[in-house]
Amino acid sequence: MPQVTAAVTGVFVLGVVALSVLRTLFCPRGVPARAAVWAAWAVARPAAVLARRVPGDGGRRVMDFAAPLGLCLMVLGWLGGLALGFVLLALGAAVVEARRSRLVLRSGWPGSLLAVALVVSTVLVLAAFVVYVVWHVAAHERRERLVTRFAAHTPDDAEGVLTCCLRDGSRTELDARFAEWAGWMSDVHRSHLCHPGLLYHRPNGALAWTTAAVVMMDAAALVDAVAPGWAPPHTRVLLDSGAACLQRLAALAGVAVPRTRISLQGREEHAFSDSLRVVVGCGMPVEREFDAAWAAFQDNRVRYAPHSVMLSNRLLLRPEDVVRR
C-alpha cells in the first residue's frame, strides 16, 4: 500500500506540473495561469515592501529584479515538481533502494526508463520556459516601444495631444492615433494576462505605461464629452478597450478600486473650462453644454483613471513611490 500510494502521488504531481506548463505556455481564454501569477506575487510583493524601505535609488534597483526573479521561481517550481514526482514514482515502482542514507537507482529497464523520462521531461520544461521568456520579452518590448515613441513625439497632457493631432483641422490623424492606441491597449491587456510578470517588469524610460494610457484615454474622453457626434470612429474603441485593460490588470495585481463619481487624479491642475477652450480652439465643434460635457467626461474617466493610479502605486511606477520619506 505505501508503494501504491507513492506511485499514485507521483503520477498526480507529474500531471499537475504538465498541466501547469501547458496552461502557462498557451493560456487559453485570456485567463492568467496560476503558476505565473503565484510566482510573480511571491517575489513582487516582498520586493515592493523592501523597496519602500530602501533609500534613494536602491528601491528602484530592488524592483528591477522582481520580474526576472518571478520567472526564475516559476521554472524552479516546475523542475522541483518534476523531481518530486519522479522520486515518488520510483519509490512506488520499487526501482530505487536506500544505500548509506541515499536513494540509488536499481539496474534494469524500469529504472532506466524512468531516468530517460526524467531527462526528457526536464528538457521539455526548460524548452517551454525559454519560449515563455521569449514571448515575455517580446511583449515587454512592444509595450515600451509605443510608450517611448509617445513620450518623444506627443505632449504630456490630453489637451496637448488634441492640439497636436488637430493642427490641420482634420479628424484623420486623430482617428489614426486613437486606432493605434486602442490596438496597443488591447495588446497590453492580452499580453499581461498571459504573462502576469509583465506587470512588474519596469519601464524602459521615465514615462510609465499606466500614465501614458491615461493621457491617451483622457484625449479620447474629452472628444467624446464635447463632440460625441463629431468624434472619430475609434474614440469609443480606445475608451472601452483601455478601461477594460486597466480594470482587469488592477484586479490581477490585487488592487481594489473604490467606486467614485469624479476622478481628478493627474488632472488637479486642469480646469475643465480651460480644457474646453483648448479643444474649441482646435476646431472641434461643441455639441454639449458645459455641465453635460463635464458629466460625460467624468462618466468615462472614472472607468480608467482611478484604476491606473492605484495600479501605479501598487507597482511602484512613480519615482516617489520607491523613495523613503
Side-chain angles (χ1 to χ4, degrees), residues 1-50 62-63 65-137 139 191-201 252-254:
M1 287 301 297
Q3 289 181 341
V4 172
T5 302
V8 171
T9 305
V11 171
F12 175 77
V13 171
L14 293 175
V16 170
V17 172
L19 290 176
S20 177
V21 172
L22 294 174
R23 180 73 178 79
T24 303
L25 191 63
F26 296 103
C27 193
R29 302 186 307 277
V31 180
R34 292 180 181 179
V37 173
W38 292 344
W41 282 4
V43 174
R45 292 192 174 185
V49 174
L50 177 62
V62 170
M63 291 305 298
F65 290 98
L69 289 178
L71 292 174
C72 293
L73 181 61
M74 183 176 67
V75 71
L76 288 176
W78 286 342
L79 295 176
L82 280 181
L84 176 61
F86 275 105
V87 167
L88 291 173
L89 190 57
L91 289 172
V95 296
V96 294
E97 59 183 356
R99 292 181 184 174
R100 297 181 181 178
S101 302
R102 293 186 303 171
L103 293 177
V104 180
L105 193 66
R106 290 177 177 174
S107 59
W109 68 266
S112 300
L113 184 61
L114 277 180
V116 170
L118 174 60
V119 172
V120 172
S121 300
T122 302
V123 171
L124 290 176
V125 166
L126 291 176
F129 177 70
V130 170
V131 172
Y132 185 84
V133 170
V134 170
W135 290 352
H136 179 103
V137 173
S191 62
H192 284 56
L193 289 180
C194 294
H195 304 267
L198 281 173
L199 277 174
Y200 308 99
H201 210 132
L252 180 62

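- Residues meeting the ring-ring contact (aromatic ring centres under 6.0 Å, His included) test with H195, sequence neighbours left out: Y132, H136.
- Contact check for V16 versus F12: side-chain heavy atoms found under the 4.5 Å cut-off.
- Across all their heavy atoms, W41 and P46 have their closest contact at O-CD, 3.7 Å.
- The shortest heavy-atom contact between P32 and R23 is O-NH2, 3.9 Å.
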(request) May I have the step-by-step check of side chain to side chain contact (heavy atoms under 4.5 Å, CB included) for L69 and L73, ending in yes or no? (result) CA-CA 6 Å; L69 289 178; L73 181 61; over 6 Å; no
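- The two residues A35 and T24 make their nearest non-hydrogen contact at CB-OG1, 3.9 Å.
- Within the 4.5 Å cutoff, no side-chain heavy atoms of W135 are placed close to those of C194.
- Applying the side chain to side chain donor-acceptor pair (under 3.5 Å) criterion to S20, with sequence neighbours excluded, gives W78.
- The minimum heavy-atom distance between G254 and R45, with the atom names listed, is CA-NH2, 4.0 Å.
- The minimum heavy-atom distance linking V37 with P196 is given by the pair CG2-CG, 3.6 Å.
- The shortest heavy-atom contact between L198 and A139 is CD1-CB, 3.6 Å.
- Listed by chain and number, the residues in a side-chain contact (heavy atoms from CB on, under 4.5 Å) with T122 are L79, L82, L118, L126 (sequence neighbours excluded).
- One distance of note links CZ of R34 with CG of L19; it measures 11.5 Å at 0.5 Å rounding.
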